[in-house]
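Note that the structure is predicted; figures quoted are calculated from it, not measured.
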Amino acid sequence: MFRNNNNNNNDNNNNDGFDDENKGIFLDSKIEISDETSLIDKPYHDDYNENESFNNNNNNYDNNNNNNNVNNHNSSKVTHRRGKHTFTEAEKLKMTKFESLDFPIIDNQIYREYIRRTTRLNHILKTFGKWIICFMIGVLVGITAYLVKQSVEFVNEFKFDQSGKYLEDERKFIAFLVYYSINILFGISASLVIIPVGQIASGSGIPEVKGYLNGIRIPQSMNVKTLVGKLVSLILAYSSGLILGPEGPMIHIGSMLGGAIGQVKSKTLKWYPKVFWKYHNDRDRRDFISTGAAAGVAAAFGAPIGGVLFGFEEASSFWSRQLTWRTFFACLIATFTTNIILQGFDMQIHDYGVLKFGLSNKYLYKYSELIPFALLGVAGGLFGALFVILNARLSQWRSKFFANKKIYLRVLEVFILITITSTILYCCAAFTPCRSKTQANGSNNSSFDSSSSGSTSTNSTKPLKLLNNASGEDQQEDKFIAFFCEEGEYNQMAGLSFNSLDAALRLLFSTSTDIFTIPTLAVFSVISFILTTITSGLMLASGLFIPMMLVGATFGRLVGQVIALFVSVDPCIYALVGASAMMAGFSRMTISLAIIMVELTEGTQYMLPVILSVMIAKWVGDFFNESIYEHLIEQKCYPFLQSQPPKSMIKLGVVDIMKTEVVTLHEVERVSKVIEVLKSDQHFHNGFPVIERPRPIDPNRKDAYGNLEYYEDETTYSGLILRNQLISLLYYRIFCHEQPLPQNPRLLGGNPNRRYNQRRFGRPTEYGYAPADPRMTYELMTQSLARHFPPIDKMNLKKEEIDTMYIDLRPYMNLSTIVANETFSYSETYSIFRTIGLRHLPVVNKKNEVVGIVTRKDLL
C-alpha cells in the first residue's frame, strides 16, 4: 500500500511521524512511505495508477455474486447504517497516504534491561510527571477558552455597536451594510487563515481527533501550525455572523495542546528536548491527546464530568482507569481556570465555561409530559438523520467540485454563504413586527427595564437596546433587542437572528412563556436548520454543537408553546429537551451528552426527560444512518476501525485478507541488505518480520526419521523491527561483524524421545542471546524514534561498512509481538488488532513460519 506522489507535500509539518523530511532515504523516489504494511501484493507500478483498481490477489471479500452486488450498492450510498459500509477500491487507494501509530510497547532486550534498572522512585517520578502534565493541559486549555470567549465578545460588541448607531437613526440599509461588511471582513479572514495552514485546520476537527485516537497518523492534524491557524480562524469565524459554534474546534484545540504539552517536542520546529523523553512515544501521546480533548469540552461547556464522559464515549478508542482519573483532574482544572479568569477571585464560584444557560428550578414537569418529551426525541432523531444525509451529500459534492479548482474558490464560497446568511437573518428581523413588553410578561409576571444597561458578565454581548428580564428566584437575565421598535417594545426575531448564538439560546431557555410567538419559532426553526446544514463544511474553523442546540431548542420551545395553548406547561423545559434530542440525533452521543446538557443548564431535575429524549433520538437516528462524524471520517478515507468488524466480512478468514509476499529480514543482516530494503522503490514498509538466519545444506545430515535436513529456506518467526529502528541503527552505526550461527539443539536430530531445552528470548540462554551495543540504550532508541534523521545518502556511511558489516537485530526487535495463526477467522483477527491497537499482525503457520501479515487497511 503506497502513497501517491500527489500527496508528497502533505506531511512536511507532520508533528508525529516519519515524514517527507526523510524522503532522501529512498533515493530520489517520489513515492512516500505508506502505511505500515510490509508486504507486496501486486506489481508495484500498478499501485501508482489511480485509474486502476487494486489487484486484490488474496482479498476475495465474498465469492457470492449476489453479496458483491449488495456491497457495491452499499459503497455507492452516501450514508448508511452502522456496519453496512464497504470501501471501494478508489477509497482504499486514498487510504494509502495515512500511516498507523505505534501504540504497542516495543518489548525488546534493551527495554527489558531498562525495566530491570528502573527503581520505584523512577516509576513514581514518571507517574507524578503525568499528573503535572495533565495540570498544565487543564490550565492552558482553560486560558485558551477564555481568550476565545473574550475575543468573540469584543468583536460582537464592536459589530453590534457600529450597526446599532444607524439602527437608532432608523437607517436600516446603512445599518445592514455595516453589519454585513463586518461579517464579510471576519468571515473572509477566517477562511484566508486556512490557506497557509492547510484545510486540516477547517471544520470542527473531531474526525481528526477520533482518527488519531483510533491509531491513524493524520498528517498535520496535531502540529503547531494547525493549532495557531485553528485558533485564529475560530475567533474570526465565530464573529462572522454564520451559524456555527466553537465547541468542536475547542475539542481539536484541546487535543493539540494536550499533545504538545505532553510531548514537549515539535517535529515542525525540529525541537527535541530530552527532559521529557520518557513520554516521547505514541502511547503516552495518545493519552495526553485524549485528556486535552476532554478538557476542551469541559472548558467550552463548563462540564468537567461531561468532558470525561465525552473522551470515554466519543473521542478515544482506548481507555483505562488511570486515564480516567487524570482526565477528570485536567477537566476540573480547565473548568476552574476558565471560571476564575471570567469571574475573578472575589466572585462566588460557579461552574461556568465559555457557555452557560441557567434554568429556573421552580418549574417542574408532570409525568404525563414524558410522552411529548419522547416525541421530541423521535423528532430529534429524524431531523438529526436528515441533517446527516444532507450535510454528507453536500460534503461529498464539495470535495468533488473543488477537487481540481483553485483554493480561492473555497473563499468565494464563504463569501457567498455570509452574504446569504447575513441577508436572511437581517431581513427576518427587519420584517418582523414589534411586540409590546406587556405581551411577553405572560404568566411569569416578570418586570422589564427599558434601559440598555444591566447586563451581567454571563451574557455574551450588549448588541443594541436591551429589555432585561429578571425572573424571580433564578435571577436569569433575558436580553431582547429593540431593532427599530419604540420604547417599551422589542423585536422577537431579532433576539434570535440578530444576536450571538449563546444569547439566542439563553432567550429560548427563558422561563417567560410568551416572549416568542409560534410563527416566529416555526420560521426560525426552518431557517436555522437550513443555514446550519449548508454552513457546516466551509473552509473555516466551525463546530456543530451550539448550532444544532439552537435548532433543537427552537423546535422544542415551539412544541412547548403549542402544548401550552391547551394545558399549563413550561416551554423552556421543552427547549432543553429539544436541544438534547437534536444533539443526539446528529452526533449519536448518549451518556456524555445528557451530563453535558445538565451541567450546562444546571437543570439536574430535568435529567429524566433529557435522558429519555437522548436515547430515543439515538435509536431513531441509528435506524437511518451513523453520526455525521462517522460519515466524515469515511469521506476523508481515514482507515478508522470501529469497535465491531464490518458485517460484510465476518464470514472471511485471515488468509482472505492478509498480504502474502512478506519482506523479511534475518536476525543478523548485512548492512547492504538493510539499506537496499529501505531505499527500494518496492519496499515502502514500516515494519519487517525478523526470521532466523538460513543454515547451509548438509547432505549427510538426516533427522530422526531419515529425511534430509534443508535449512536454507528457514523462515521461523523471531520478532518484528520497525523502519525507524533500522534508520536509527544505521545513523548511530550500530554494526557488528558476522555472527556465528547459534547452536539450536532442536535442529541437531537424534533420538525423537529426547527432551530439548525450550527456546527463550530475552534471557541469556545458549540460543539466540546477543548483548546490545553499549552505545544504543533504551533512552537513545526512544528519543531516536521521536525525531527526524537525514537521508541515508547523507549519513556518510563508508563503502566498506556497507559491504562487510552486519546489524544484529536481536537486541532491538520486538520480542512480544502478537501473531495470528493462519487458521484465524476474520472476526477474531479484527478483534485482536482493534482491541490491542496493533500496527502489524504477522500471520504464521503451525511451524511458526511467516506466511503473511495484516495491517489496518487489510481489515477494511
Side-chain angles (χ1 to χ4, degrees), residues 10 78-79 152 155 159 176-177 179-208 220 226 229-246 248-249 252 386-428 497 501 526-544 546-548 550-551 586 628-629 631-637:
N10 288 345
V78 178
T79 61
V152 169
V155 173
K159 175 173 63 178
F176 169 74
L177 289 181
Y179 167 75
Y180 169 68
S181 300
I182 296 176
N183 286 343
I184 286 292
L185 173 64
F186 288 106
I188 296 298
S189 300
S191 184
L192 291 175
V193 168
I194 302 297
I195 296 179
V197 176
Q199 295 196 38
I200 195 72
S202 63
S204 67
I206 293 180
E208 284 69 32
Q220 302 180 358
T226 303
K230 191 94 173 184
L231 184 60
V232 175
S233 180
L234 172 61
I235 294 173
L236 295 173
Y238 197 36
S239 308
S240 65
L242 293 169
I243 299 185
L244 49 85
H252 193 191
L386 177 62
F387 171 82
V388 171
I389 293 173
L390 297 177
N391 190 256
R393 290 185 178 276
L394 182 60
S395 298
Q396 187 183 62
W397 175 83
R398 279 175 172 144
S399 63
K400 293 180 179 179
F401 181 79
F402 293 107
N404 300 318
K405 294 181 173 58
K406 294 184 178 180
I407 191 67
Y408 293 101
L409 286 179
R410 297 300 307 269
V411 181
L412 178 61
E413 182 191 19
V414 174
F415 173 83
I416 295 173
L417 260 295
I418 293 178
T419 302
I420 295 173
T421 302
S422 300
T423 303
I424 292 177
L425 296 181
Y426 188 90
C427 290
C428 285
S497 65
L501 298 187
V526 176
I527 292 176
S528 59
F529 181 83
I530 295 175
L531 292 179
T532 300
T533 303
I534 63 177
T535 300
S536 177
L538 293 178
M539 196 181 71
L540 40 72
S542 62
L544 283 172
I546 292 301
M548 293 305 289
L550 182 67
V551 176
F586 91 92
I628 183 61
Y629 302 117
H631 287 295
L632 290 178
I633 287 174
E634 291 173 359
Q635 289 187 4
K636 295 180 179 182
C637 295

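Listed by chain and residue number, nothing satisfies the side chain to side chain donor-acceptor pair (under 3.5 Å) test with Ser536 (two or more places apart in sequence, or in another chain). Applying the ring pair (Phe, Tyr, Trp, His ring centres under 6.0 Å) criterion to Phe401, with sequence neighbours excluded, gives Trp397. Take Ala237 and apply the side chain to side chain contact (heavy atoms under 4.5 Å, CB included) test, not counting sequence neighbours, and it matches Ala190, Leu244, Leu540. For Ile527, the side chain to side chain contact (heavy atoms under 4.5 Å, CB included) test picks out Ile424, Leu425, Cys428, Val523, Leu531, with sequence neighbours left out. Checked against side chain to side chain donor-acceptor pair (under 3.5 Å), Tyr179 has no partners two or more places apart in sequence or in another chain. Residues satisfying the salt bridge (Lys or Arg N to Asp or Glu O under 4.0 Å) criterion with Glu413, sequence neighbours excluded, are Arg398, Arg410. With sequence neighbours excluded, the residues satisfying side chain to side chain contact (heavy atoms under 4.5 Å, CB included) with Leu412 are Leu409, Phe415, Ile416.
The two atoms that bring Leu632 and Ser395 nearest to each other are CD2-OG, 3.9 Å, heavy atoms only. Across all non-hydrogen atoms, the minimal contact from Ala541 to Leu234 is CB-N, 3.7 Å. Here the closest heavy-atom approach between residue Leu501 and residue Pro547 is recorded as CD1-CG, 4.3 Å. The shortest non-hydrogen separation linking Ile546 to Pro246 is CG1-CD, 4.4 Å.
The shortest distance between side-chain heavy atoms of Ile195 and Met539 falls below 4.5 Å. Counting heavy atoms from C-beta on, the side chains of Phe529 and Leu390 come closer than 4.5 Å. You'll find the side chain of Val197 stays beyond 4.5 Å of the side chain of Val232, heavy atoms only. At least one side-chain heavy atom of Leu544 sits less than 4.5 Å from a side-chain heavy atom of Tyr629. No side-chain heavy atom of Ile407 sits less than 4.5 Å from a side-chain heavy atom of Phe402.
The CD1 atom of Ile200 lies 4.0 Å from the CD atom of Glu208; values are rounded to the nearest 0.5 Å. Atom CG of Leu177 and atom CD1 of Ile184 lie 11.5 Å apart (nearest 0.5 Å). Note that OG of Ser204 and NZ of Lys230 are 6.0 Å apart. Values are rounded to the nearest 0.5 Å. Leu242 contributes atom CG, which lies 5.0 Å from atom OG1 of Thr421 (distance to the nearest 0.5 angstrom). Leu236 contributes atom CG, which lies 8.0 Å from atom CG of Leu185 (distance to the nearest 0.5 angstrom).
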What do the steps show when you test Thr532 against Phe586 for side chain to side chain contact (heavy atoms under 4.5 Å, CB included), and what is the final call? CA-CA 12 Å; Thr532 300; Phe586 91 92; over 6 Å; no

Quick one: do Cys427 and Phe176 satisfy side chain to side chain contact (heavy atoms under 4.5 Å, CB included)? Show the steps, please. CA-CA 9 Å; Cys427 290; Phe176 169 74; 5.9 Å; no

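With a 6.0 Å radius and a threshold of 12 heavy atoms from other residues, nucleotides or ligands, Lys405 has its NZ atom above the threshold.
Listed by first and then second residue, the side chain to side chain donor-acceptor pair (under 3.5 Å) pairs involving residues 180-192 are Lys159-Asn183, Tyr180-Thr419, Asn183-Ser422 (not counting sequence neighbours).
Between the side chain of Ser399 and the main chain of Gln396, a donor-acceptor pair closer than 3.5 Å is present. The main-chain N or O of Ala392 is found under 3.5 Å from a side-chain atom of Gln635 such that the two form a donor-acceptor pair. A donor-acceptor distance shorter than 3.5 angstrom exists from the side chain of Thr226 to the backbone of Gln220, with no hydrogens or angles considered. Side chain of Ser542 to main chain of Leu538: no donor-acceptor pair is present (N/O by atom type, distance under 3.5 Å, no hydrogens or angles).
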